[in-house]
Amino acid sequence: MSDTQAQFSVLKQTADPAVVDAISQLIAKGEDRDLNRINLLDFSARYGLDEEKVISAFLHSARLGLFDLTWNVLCPGCGGVLGAHNTLKSLRHDDYNCALCAQGYEASVDDRVEVAFTVSPRVRRIAAHDPNTLPIWEYNRQMFWSSGMDLSEESIKRLIDEVSLEAIELPAGEKAVLSLQLPNQFVIVFEPVTHSAHFFDVQGEPTRERQQFSIVFNKLHAPTGSTVMRPGPLRLSLENQTDTRVLPAVWIANDTLHELLGKRKPILTAKRILSNQTFRDVFKADNLNVDQRLKITSLTFLFTDLKGSTALYERVGDLAAFDLVRAHFHALLEIIASEKGAVVKTIGDAVMATFIRPEHAIVAGLRMRAAMAALNAERGREDLIVKIGIHEGPCLAVMLNERQDYFGQTVNIASRVQSLSTSQEIHITGPVIESPAVATILQKEAIRPIQKEAALRGIADKMVVYEIP
């Protein structure tokens with residue numbers, strides 16, 4: 001049995017069989033570009049598979065060595081990859097600049113960092129493993145742009161025919177001269193390997209005199225420059241001072257370019273992966289550095305605590321109480337994972353979990369309450385009472401006690417809101433109830449939240465909270 005076959009045998013023990021079959025088929029029959037920076041949400045849609053099962057299977061595949069996982073920092077303007085990292089620890093907070101858009105960006109894990117998967121060269125060798133062999137437009141499609149760009153064959157043809165005035169492959173150390181006719185439009189000379197650009201602001205009366213301009217490509221990330229030119233002939237001198245080939249192209253910043261750059265597909269974000277239970281279980285080592293602080297603009301936190309657990313131990317004895325508490329944990333953790341959440345940690349009889357969206361958290365909370373009611377009904381007693389609190393807001397992803405954790409006032413509020421519960425009610429905050437999806441869920445369940453003001457320990461002002469009775 002080959003190493004790859006052995007890896008697939010192991011994978012089938014941990015991942016959904018239908019997803020494993022789809023992955024096997026992709027590796028065997030997919031085009032090279034289909035195996036580079038695979039967009040898992042697009043993969044799920046194409047094969048008609050559940051997204052969470054696909055994410056879980058690819059994470060297990062990466063751990064087995066079938067795929068390489070990368071964290072790609074994206075430009076929100078053009079969809080270009082500003083930095084590709086093999087580990088989360090390499091991610092910088094800011095200092096990512098896009099030459100094509102002439103903008104600098106922070107590496108926000110909400111929507112500017114994609115998680116993509118490329119087949120391992122040990123499993124199948126593809127052209128992207130040696131990017132210098134890729135033709136110009138395939139390099140742009142596979143290496144510069146992210147998996148979220150919807151670049152079909154037709155789109156690439158339009159890019160060549162309607163946007164590009166000229167494109168050239170320039171080997172290391174060589175020079176070239178392009179003779180161009182500048183139109184009365186904004187023109188960009190863009191080079192994706194060094195990620196550099198120069199803008200020509202073409203304006204004024206047309207000229208017949210040949211204009212001259214020189215561009216040198218090197219490894220210095222100089223700011224994007226802009227030069228005013230007149231419509232007419234241009235002699236563009238290009239020099240490659242790097243130790244690899246460069247691929248400069250001259251683009252017209254017309255409606256077609258803006259249309260093509262605006263065609264996007266959903267991507268698997270770093271925020272979603274950080275709140276994925278399989279990732280937290282399988283990739284424990286691929287965490288942040290101790291001094292890293294990744295800003296997240298919106299994350300939903302759910303806290304639970306088992307009410308009166310000390311009295312429970314006294315009432316039913318250590319052994320029976322331990323079995324009950326373990327059954328309670330098993331039910332909660334299963335619900336969190338099935339509702340697209342992840343357990344950050346358990347503290348005593350309490351659970352801290354994260355969800356990408358508040359509606360996932362509210363459904364999880366309602367299911368938890370129902371699960372505790374079912375456990376109590378089995379025993380004919382009301383011993384298991386879980387207090388639940390949910391809050392949504394900004395936070396920092398950090399490392400605490402050798403574990404990826406979260407820090408900030410949002411976390412504090414979510415914890416305090418949970419403590420308001422005295423029985424099986426759930427307490428949520430304004431940002432949660434203001435979510436249209438949450439409102440729809442509560443309406444469907446015929447639940448009428450009770451608004452009230454509460455003083456939360458450690459929070460200066462009283463907060464408006466909502467009790468889900």
Side-chain angles (χ1 to χ4, degrees), residues 14 36-41 55-76 80-98 104-123 128-129 131 143-144 146-148 195 219 221 267-299 301 341-345 352-356 394-408 410-411:
T14 56
N36 179 48
R37 289 183 182 166
I38 300 167
N39 180 328
L40 298 198
L41 305 190
I55 293 169
S56 178
F58 270 90
L59 286 170
H60 283 294
S61 298
R63 174 54 73 196
L64 291 170
L66 292 167
F67 291 91
D68 296 322
L69 184 158
T70 56
W71 309 78
N72 302 323
V73 181
L74 310 183
C75 171
V81 174
L82 308 183
H85 303 284
N86 293 325
T87 172
L88 195 57
K89 294 177 181 178
S90 307
L91 209 64
R92 305 187 303 275
H93 175 61
D94 50 17
D95 192 31
Y96 290 94
N97 294 285
C98 180
Y105 299 101
E106 290 185 351
S108 165
V109 299
D110 289 75
D111 54 8
R112 292 182 189 167
V113 179
E114 73 169 356
V115 181
F117 294 77
T118 299
V119 69
S120 168
R122 295 183 299 274
V123 175
H129 290 141
M143 304 308 298
F144 173 67
S146 79
S147 70
H195 201 131
K219 293 188 176 180
H221 289 284
I267 61 170
L268 177 60
T269 62
K271 181 173 85 167
R272 182 166 177 180
I273 278 289
L274 290 176
S275 284
N276 178 276
Q277 193 63 57
T278 302
F279 176 76
R280 293 190 70 97
D281 292 342
V282 174
F283 281 83
K284 292 185 176 72
D286 193 0
N287 286 317
L288 306 172
N289 285 321
V290 174
D291 58 350
Q292 265 183 303
R293 309 285 187 269
L294 293 184
K295 190 184 298 181
I296 299 176
T297 58
S298 173
L299 195 64
F301 291 88
V343 175
V344 179
K345 57 189 171 185
M352 172 186 176
T354 57
F355 296 83
I356 298 302
C395 63
L396 294 175
V398 298
M399 280 295 288
L400 289 174
N401 301 319
E402 300 182 350
R403 174 174 52 198
Q404 190 243 310
D405 207 330
Y406 298 92
F407 178 84
T410 298
V411 181

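Everything quoted here is computed from the prediction, not taken from an experiment.
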Do Arg63 and Phe283 form a cation-pi contact, if we require the NZ or CZ to be under 6.0 Å from the six-membered ring centre and within 45 degrees of the ring's axis?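 Flagged: Arg63 positioned over aromatic ring of Phe283.
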
Just checking, is any N or O donor in the side chain of Thr118 or Asn36 under 3.5 Å from an acceptor N or O on the other one?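 Present: a donor and an acceptor within the cut-off.
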
In terms of side-chain heavy atoms, does Thr297 have a donor or acceptor partner in Asp110 at a distance below 3.5 Å?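 Yes.
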
Show your working on side chain to side chain contact (heavy atoms under 4.5 Å, CB included) between Leu82 and Asn97 and close with a plain yes or no. CA-CA 7 Å; Leu82 308 183; Asn97 294 285; over 6 Å; no

Validation row: [X], [Y] side chains within 4.5 angstrom (heavy atoms):
X	Y	answer
Leu91	Leu294	yes
Asn86	Thr70	yes
His60	Leu66	no
Cys75	Val81	no
Pro131	Phe144	no
Leu396	Ile296	no
Val115	Leu69	yes

Spatial distance of atom [atom1] ([X]) from atom [atom2] ([Y]) [nearest 0.5 Å]:
X	Y	atom1	atom2	value
Leu59	Asp281	CG	CG	10.5 Å
Gln404	Phe279	CD	CZ	7.0 Å
Leu64	Ser120	CG	OG	11.5 Å
Cys395	Leu299	SG	CG	4.5 Å
Ser146	Leu74	OG	CG	4.5 Å
Ser275	Phe301	OG	CZ	7.5 Å

Return the minimal non-hydrogen interatomic distance between [X] and [Y], and the atom names on each side.
X	Y	answer
Ala116	Asn72	CB-ND2, 3.9 Å
Val113	Trp71	CG1-CB, 4.2 Å
Met143	Ala128	SD-CB, 4.2 Å
Glu114	Gly148	OE1-N, 4.1 Å
His129	Val119	NE2-O, 2.8 Å
Ile55	Asn276	CG2-ND2, 3.7 Å

Could you check whether any side-chain N or O of Thr410 sits under 3.5 Å from a backbone N or O of Pro394, counting only pairs where one atom can act as donor and the other as acceptor?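 Yes; judged by distance alone, with no hydrogens or angles, the pair exists.
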
Under 3.5 Å, side chain of Thr87 to main-chain N/O of Ser90, donor-acceptor pair present?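 No; zero donor-acceptor contacts below 3.5 Å.
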
Would you please classify the geometry between the Phe58 ring and the Phe67 ring as parallel, tilted or perpendicular, with 30° and 60° separating the classes?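 If you compare the ring of Phe67 with that of Phe58, the planes turn out tilted.
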
Stepwise side chain to side chain contact (heavy atoms under 4.5 Å, CB included) test for Val343 and Arg280: CA-CA 8 Å; Val343 175; Arg280 293 190 70 97; over 6 Å; no

Let me see the working for Lys271 and Ile356 under side chain to side chain contact (heavy atoms under 4.5 Å, CB included), right down to the final yes or no. CA-CA 7 Å; Lys271 181 173 85 167; Ile356 298 302; 3.6 Å; yes

Going by the side chain to side chain contact (heavy atoms under 4.5 Å, CB included) test, name the single residue among Leu40, Ile267, Leu41 that passes it with Ser147.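 Among Leu40, Ile267, Leu41, the one meeting side chain to side chain contact (heavy atoms under 4.5 Å, CB included) with Ser147 is Ile267.
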
Let's go through Val398 and Gln292 carefully: what are the C-alpha distance in whole Å and the side-chain angles of both, what is the deciding distance for side chain to side chain contact (heavy atoms under 4.5 Å, CB included) to 0.1 Å, and is it a yes or a no? CA-CA 6 Å; Val398 298; Gln292 265 183 303; over 6 Å; no

Count the heavy atoms belonging to other residues, nucleotides or ligands that lie under 6.0 Å from CZ of Arg122, then report whether that count exceeds 12.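 Counting neighbours around CZ of Arg122, 12 or fewer heavy atoms of other residues, nucleotides or ligands fall under 6.0 Å, so no.
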
Residues in side chain to side chain contact (heavy atoms under 4.5 Å, CB included) contact with Arg112, at least two apart in sequence or another chain: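 Testing Arg112 for side chain to side chain contact (heavy atoms under 4.5 Å, CB included), a comparison that skips the adjacent residues, returns Pro76, Tyr105, Ser108.
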
